[in-house]
2 protein chains.
Amino acid sequence: MKQILIIDDDENLGDLLTQYLARYEMQAHVALTPSKGLEMIKKLKPDLLILDVMLPEKDGFEVCREIRAKSSIYGQLPILMLTAHAEVTDRIVGLELGADDYLPKPFEPRELVARIHNILRRSGDDASMRDIKPIKGLDVDPSRREVKLDKVVLDLTTMEYELLILFMQYPNKTFTRDELMNRLRGIDAELFSRAVDTLVSRLRHKLGDTSKTPRFIKTVWGRGYTFIGEQL
Amino acid sequence: MKQILIIDDDENLGDLLTQYLARYEMQAHVALTPSKGLEMIKKLKPDLLILDVMLPEKDGFEVCREIRAKSSIYGQLPILMLTAHAEVTDRIVGLELGADDYLPKPFEPRELVARIHNILRRSGDDASMRDIKPIKGLDVDPSRREVKLDKVVLDLTTMEYELLILFMQYPNKTFTRDELMNRLRGIDAELFSRAVDTLVSRLRHKLGDTSKTPRFIKTVWGRGYTFIGEQL
DNA sequence: CATCGATGATAAGTATTTGTTTCATCCTAT
DNA sequence: ATAGGATGAAACAAATACTTATCATCGATG
């Protein structure tokens, strides 16, 4: 379960988000002031920080700057900034200070969830720590985002790589299309198209897999897909 | 068949949705006023409530709040709110009040269906919760939708799996053919044919069963079928 | 701002499942 | 035992789900 720290003096919003994020397997914690927030970072070691710009004591930019300056303490904590106004200058300043993304208030909860997933994915911290099971014929180097199939490096796109990693985390689990979409895109994305099928097809192709006699990705008719690579 | 209650004073929209949802195995009922709506909830025990924000008497937020407040009466009924304007603030307020999702009008019917599915999925209305009795020689893993017969994984189609699960929920119960048809297809399906017999036959075959000396599925002549697997 | 690659949508083609028909066989009541 | 409806299962047909080629779109890159 992902731990999210929210630094925002609007207690109401904090509770709301806590409740909302819980639905997406994220545990949120709220700090009402920057000083409390910084404390909680050390204790909680959250996976992501949601930081409001308007804060008591000092503003969010200040906090962000501080966290980045003391990276020895706080690490490369991903930061999502919330700003009251959708002003472009805010955005640039925020990004320059090292925030990973920015979201103008008011925002849609769904949008927030989507961005959180994006950041977590991008920050790679996510991917490298994931528990990838060893599969015969496949060598994954998460730090390099590199996959070798029978000693040959594969040229995978972001989505293809993510899909493969997801499969390798749960060999023999049958994923429905919804599940895959949600895990890959981070939102309750609905499928009005064969996007997942297409993605699977492309990955299969690069893995040298055929749908009829699959070595890795098996189609489970009427349900979804299963990764069946022989485990080492 | 899922029961959906719609509280909306636009009768036209209600009829339209009722018709549309029927295609997705959802039976919709329309209440034109909040008071009628609340009454119908008690009677119908719907699986989901679609609630318009603009209503006579009191608005949708009020209704939502009331339902959540009286959860002892209404339970944790999932609520999908329809708002006239796609205003973000509305969304936040609604979520705060306990609605499970939001959909701004006008919306696409399929988008509605998608969100309904999401909510129902989230609210844990899942097949995996069904109470499957342990049967000697059969191992079922509902989360993976996998069945093992004497340690060997069976390759079952959706219908075959559903039929088997149904049987395993009620060992020794004799099902008539219409009963099976209704439980599997969720509607009062007319028996034009011997679809059930064929299905049973195919499942039997995969279970290694013979109709003469059945290990699992016994034919009750003139009545239907009984699952007789030895219970553990 | 033009290009390129990645991803999403569409649609034609293919495969699989599910329903129907059929007929041989089985059961039960005469 | 036999007639007549009920059942099993094979073969065929229809419906449904999947694959993949192709095109459109979007965002990144220079």
Side-chain angles (χ1 to χ4, degrees), chain A residues 95 101 114-115 118 121-122 145 154-164 174-178 180-187 189-214 216-226, chain B residues 23-25 108 110-111 114 145 154-164 166 174-178 180-187 189-226:
Chain A
L95 289 170
D101 200 355
R115 300 236 185 166
N118 266 331
R121 171 145 51 93
R122 271 210 309 265
R145 272 206 159 220
L154 292 181
D155 179 26
L156 299 180
T157 69
T158 309
M159 287 280 107
E160 288 158 7
Y161 177 82
E162 288 296 327
L163 176 61
L164 179 58
T174 299
F175 288 95
T176 65
R177 286 173 175 69
D178 290 25
L180 290 175
M181 204 50 151
N182 289 336
R183 299 293 280 266
L184 292 175
R185 305 231 307 199
I187 49 173
E190 266 304 321
L191 279 184
F192 299 134
S193 75
R194 304 271 147 267
V196 170
D197 303 52
T198 306
L199 178 60
V200 167
S201 170
R202 295 202 253 245
L203 178 58
R204 265 180 175 158
H205 184 247
K206 290 188 181 177
L207 289 174
D209 236 14
T210 59
S211 47
K212 285 197 76 172
T213 54
F216 299 112
I217 302 174
K218 187 179 77 173
T219 300
V220 181
W221 244 84
R223 293 291 132 207
Y225 298 99
T226 305
Chain B
R23 291 191 220 150
Y24 297 89
E25 304 197 12
E108 302 241 359
R110 62 179 187 174
E111 174 73 8
R145 246 207 158 81
L154 292 181
D155 181 25
L156 299 180
T157 70
T158 308
M159 285 282 110
E160 287 159 6
Y161 177 84
E162 289 294 328
L163 175 61
L164 178 58
L166 179 55
T174 299
F175 287 96
T176 65
R177 285 175 175 69
D178 341 2
L180 289 175
M181 200 54 141
N182 289 336
R183 298 294 280 268
L184 291 175
R185 312 251 308 217
I187 44 173
E190 290 277 331
L191 271 189
F192 293 143
S193 72
R194 315 265 310 290
V196 172
D197 302 55
T198 307
L199 179 59
V200 168
S201 168
R202 294 204 255 244
L203 178 57
R204 265 180 174 159
H205 184 248
K206 290 190 181 176
L207 289 174
D209 236 13
T210 58
S211 48
K212 291 192 75 171
T213 54
R215 177 176 171 194
F216 299 113
I217 302 174
K218 189 177 74 175
T219 300
V220 182
W221 223 86
R223 300 276 187 295
Y225 298 99
T226 305

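Note on naming: letters A, B, ... go to the chains in the order of the sequence lines (proteins, then strands), and numbering restarts at 1 for each one. It should be emphasised that the depicted structure is a prediction, and the values quoted were computed from it without experimental measurement.
The shortest heavy-atom contact between A/D209 and A/I217 is OD2-N, 2.8 Å. The minimum heavy-atom distance between A/D155 and A/K206, with the atom names listed, is O-NZ, 2.8 Å. When all heavy atoms of B/P214 and B/S211 are compared, the closest pair comes out as CD-O, 3.8 Å.
Distance, A/R223 CZ to D/dT16 P: 15 Å, rounded to whole Å. Following rounding to the nearest Å, B/L156 (CG) and C/dT16 (C1') show an atom-to-atom distance of 14 Å. The separation between A/D155 atom CG and C/dC4 atom P is 17 Å, rounded to whole Å. Rounded to an integer number of Å, the gap from CE of B/M159 to C1' of C/dT16 is 14 Å. Computed from coordinates, the A/L154 CG to C/dA6 P distance equals 14 Å when rounded to whole Å. One atom, CD of B/E160, and another, P of D/dT16, lie 17 Å apart when rounded to the nearest Å.
Residue B/W221 places its side chain closer to C/dC26 than to any other of C/dC26, D/dG8, D/dC18. Ranking D/dT7, C/dG8, D/dT19 by closeness to the B/D197 side chain, first place goes to D/dT7. Nearest to the side chain of B/R194, among D/dT19, D/dA9, C/dA9, sits D/dA9. Side-chain atoms of B/T158 lie closest to C/dT18 of the nucleotides C/dA6, D/dT20, C/dT18. The B/S193 side chain lies nearest to C/dG19 when the options are D/dT19, D/dG8, C/dG19.
A salt bridge does not link B/R204 to B/E160: none of the charged nitrogens lies less than 4.0 Å from a carboxylate oxygen. Looking at B/R177 and B/D197, a side-chain N of the basic residue comes within less than 4.0 Å of a carboxylate O on the acidic one, giving a salt bridge.
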Could you give me the CA-CA distance, side-chain angles and deciding distance for A/T158 and A/R145, then say whether side chain to side chain contact (heavy atoms under 4.5 Å, CB included) is met?
-> CA-CA 9 Å; A/T158 309; A/R145 272 206 159 220; 3.7 Å; yes

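Only A/R202, listed by number, bring a heavy atom of residues 199-213 of chain A to less than 4.0 angstrom from any atom of DNA chain C.
Residues meeting the side chain to side chain donor-acceptor pair (under 3.5 Å) test with A/S201, sequence neighbours left out: none. Listed by chain and residue number, nothing satisfies the ring-ring contact (aromatic ring centres under 6.0 Å, His included) test with B/Y225 (two or more places apart in sequence, or in another chain). In terms of the salt bridge (Lys or Arg N to Asp or Glu O under 4.0 Å) criterion, B/R202 has no residue partners (sequence neighbours excluded).
One finds no side-chain N or O of A/R177 lying less than 4.0 angstrom from the OP1 or OP2 phosphate oxygen of D/dA17. Applying the 4.0 Å criterion to OP1 and OP2 of D/dA17, one finds that A/Y225 has every side-chain N and O outside that range. Within the 4.0 Å cut-off from OP1 or OP2 of C/dT7, not a single side-chain nitrogen or oxygen of A/Y161 is found.
Legend: salt bridge (Lys or Arg N to Asp or Glu O under 4.0 Å) pairs involving residues 211-226 of chain B, not counting sequence neighbours, sorted by first then second residue: B/D150-B/R215.
End-to-end axis angle of the helix from C/dC1-D/dG30 to C/dT30-D/dA1, from C1' rotation axes over five pairs per end: 30° (rounded to 10 degrees).
Using a 4.0 Å heavy-atom distance criterion, A/T198 is classed as a base contact.
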